[in-house]
Protein chains: 2
Amino acid sequence: MESQKIRNMEEFAAVSGISRPTVSKYFNDPESVRQSTRQRIEEALESYDYRPNIFAMNQNRRLTKNVGIVVPYLADPTFAEMARNIERRCIEAGFRPSLFSAHGEREIEREILDSLRSLRPAGVILAPLGRHSDVEHLVRFCEEVPTVLLDRNIDGVGHAFVGSDNNSFVNQSVDYLLRTGEPPVFFEMENPKNPNSLSRRNAYISVMESHGLEPMIHRVRGEGWVSEEIGYQGAMRALNERALPTDTILCSNDRLAIGLLAACYEKGYRVGRGPGCALRVASHDDHPYARFTCPSLTTVGHDFVLVSNRGVDTLFELIERGEVPGTQAGGRTETLFPARLVLRLSA
Amino acid sequence: MESQKIRNMEEFAAVSGISRPTVSKYFNDPESVRQSTRQRIEEALESYDYRPNIFAMNQNRRLTKNVGIVVPYLADPTFAEMARNIERRCIEAGFRPSLFSAHGEREIEREILDSLRSLRPAGVILAPLGRHSDVEHLVRFCEEVPTVLLDRNIDGVGHAFVGSDNNSFVNQSVDYLLRTGEPPVFFEMENPKNPNSLSRRNAYISVMESHGLEPMIHRVRGEGWVSEEIGYQGAMRALNERALPTDTILCSNDRLAIGLLAACYEKGYRVGRGPGCALRVASHDDHPYARFTCPSLTTVGHDFVLVSNRGVDTLFELIERGEVPGTQAGGRTETLFPARLVLRLSA
DNA sequence: CAAATTTCTTTACGCGCGCAAACATTATTT
DNA sequence: AAATAATGTTTGCGCGCGTAAAGAAATTTG
């Protein structure tokens, strides 16, 4: 090990007995060189620990191996898990992922995209803020960088979208609730930042109407990204004022539900589907903590591993096709995954 | 705006009417040039949006402006919040933070440090896995890169440590519980990956002994990083077997407590300090979700904004001193913040 | 106002690597 | 074995910027 310190590819090529351009080729794609020379390089690699200078590499390559991962809010465990999965897959494929969180703020998302552009990434997987995104800015970004939108769709932005089918979500939750009890009231934020919220509300309305039922929507006020707090406060008020028209609540998403359940507990409302229960609560997302609410939360899950995997696959295809983003004629694909009901104890 | 496309610093220097070396100086530190020339550059900057090539910059600078942020587990909202705060402060100070999560795995932490080293960062803020870290690997890393350890201390590793005083944590929780009811049993994982767990257990033992009480420790089995699940399973078993020697439970950390509270709810044990309550539960960390457990969790909080801020400050000092990491004579500083009791409803 | 000081310009080199072209060397095929 | 293809080597340029040195210009000082 380290008989001497290797300073650059020149020196490493020397000790490995292979010419520098071939070594360069190897680092670009180990399979692009003959098996025998690959072995010689990798033997040298074991005894001399050298790694090519990443800055020099990126400066000169036509296309870097950088991949950007942008999520709207990293403190949300769902996004953390998605990001983790994407990260892992990128590394396995020989890419260098950089992870960013917009922390729920439009300005930060803009800055991330700007600084990402200067990394000249091969591609970007972007779960946008959604309604609070600077759409024009996004569009300009996507003209330069192959981008897959994840989780939240923005019409026409990016080269592909991969997410869940909000209709499928709400169909399943509403169907289940109707089958087993009273029709649900839809519990949501007044000004959701999340475009999925809008789709879900609309899906709820149309499912209810298709059953010949009157949609009931309860909107709670509150700003910001701490949905749990908003759900809690809104639920406290609703319960105090007995403002809910039915005993069955369908939350737009699990984070709201987490707050709502905390409020129910505090107010002494027993939640669940058994006898002696005052309320049923269901929701959407299958948040990692939904298993640990009191009672555990019946929810409709999207398999975020599936979604993120497909997102990665789509990006890799995009990169491989190597089209100049601006001129893709292939058109924009949208991939929606169905959701599945996760029956727990709250409804 | 963009009368023409600026390709490099040469061209930008031309349109701004300033020589390239001076422009370079400006980008290195805007205050290092005369006010009048700074203005001219910034005017040009507004009409030509040019950004220096980050790879070329980093390749040639003695010291990059990169800062690494490494946390053990990003799906834990506490670390997500800390990372967010650190990120923001770094950007404000003109650095370029890169965020990494070890996802609880030793191997990933190693890889992160290796790939971080090749970014030649000016400094790194590292919340290590702790007992599962490859300590030798860490030590070697710290010889090359100025590193501030955060949240979890490893003796002698890194150039500074900033975290919370586990004694202060446990003193406060135990004192409170003793003052208001029965002595607590300490509820923890059998093989915690987290060095803080060890400190807390020891602190618990010594506080109990200092009160002339017999320490009681309940260890639950379980591997991995899903502490909530481990807490849930362990609590279910303990409750079924009536294995707890007292009605007061002090959890090593909030994530365990979240699982435990879910189990208590499911088994019908009423938790809280009022009459009619079967159990009291308290914990440590003030996890962002502690407010929404049922009942809300009495816990001892560390102010992670404070901790992360100090961590950043310490790193900046370290960078400014500009010592070669290996040869620092200044010695290693340890900064511990006291914790504060957050009284909620569970105890 | 001249002298001292600061700041800028000019010139030039180097960083570590990607990439291309011309040529030499190996495998593979007929 | 000769012809063809695949893979290497040699050589050399260029990427965009940092940095250093020497001299010119602007600013401050006395």
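Just so you know, these numbers use all the heavy atoms, side chains as well, and skip hydrogens, waters and symmetry mates. Order of the sequence lines fixes the chain letters, A, B, ..., with proteins taken first and strands second; residue numbering starts at 1 for each chain.
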> Under the salt bridge (Lys or Arg N to Asp or Glu O under 4.0 Å) criterion, do A:R88 and A:E92 qualify, and how do the steps go?
Replying inline: CA-CA 6 Å; A:R88 192 179 47 74; A:E92 282 170 7; 2.9 Å; yes
Give each protein N/O atom lying under 3.5 Å from an N/O atom of nucleotides 24-26 of chain C, with the pair distance.
none

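Atoms CZ (A:F55) and P (C:dG16) sit 12 Å apart, rounded to a whole Å. The CE atom of B:M57 sits 19 Å away from the P atom of C:dC17 (whole-angstrom rounding). C:dG14 atom P lies 18 Å from atom CG of A:N53, rounded to whole Å. Protein atom CZ of A:F27 is 9 Å distant from nucleotide atom P of C:dG18, rounded to whole Å.
In the 5' to 3' direction, nucleotides of DNA chain D lying under 4.0 Å from heavy atoms of chain A begin and end at D:dT7 to D:dG16.
Contacts of A:E42 classified as salt bridge (charged side-chain N to carboxylate O under 4.0 Å, His left out), with partners at least two apart in sequence or in another chain: A:R38. Considering only residues two or more places apart in sequence or on other chains, A:S19 meets the side chain to side chain donor-acceptor pair (under 3.5 Å) condition with A:T22. Listed by chain and number, the residues in a side chain to side chain donor-acceptor pair (under 3.5 Å) with A:E87 are B:H103 (sequence neighbours excluded). For B:E136, there are no salt bridge (charged side-chain N to carboxylate O under 4.0 Å, His left out) partners two or more places apart in sequence or in a different chain. B:E334 pairs by the salt bridge (charged side-chain N to carboxylate O under 4.0 Å, His left out) definition with B:R332, not counting sequence neighbours. Applying the side-chain contact (heavy atoms from CB on, under 4.5 Å) rule to B:S133 yields the partners B:E109, B:P128, B:L129, B:L138, B:I154; only residues at least two apart in sequence or on another chain are considered.
Sorted by residue number, the members of residues 15-22 of chain B with any non-hydrogen atom under 4.0 Å from DNA chain C read B:G17, B:I18, B:S19, B:R20, B:P21, B:T22.
Each ring-ring contact (aromatic ring centres under 6.0 Å, His included) pair with one or both residues in residues 49-74 of chain B, not counting sequence neighbours, appears once here: B:F12-B:Y50, B:F27-B:Y50, B:Y73-B:W225. Among pairs with a residue in residues 119-134 of chain B, those fulfilling salt bridge (charged side-chain N to carboxylate O under 4.0 Å, His left out) read B:R110-B:D134, at least two apart in sequence or across chains. Within the structure, no pair that satisfies the ring-ring contact (aromatic ring centres under 6.0 Å, His included) test touches residues 105-146 of chain A, not counting sequence neighbours.
Between A:E143 and A:R140 there is no salt bridge, since no side-chain nitrogen of the basic residue lies less than 4.0 Å from a carboxylate oxygen of the acidic one.
Taking side-chain N and O atoms only, A:Y50 has a distance below 4.0 Å to OP1 or OP2 of C:dC17.
Residue contacts shown for A:N28 are limited to sugar-phosphate atoms, with no base heavy atom under 4.0 Å away.
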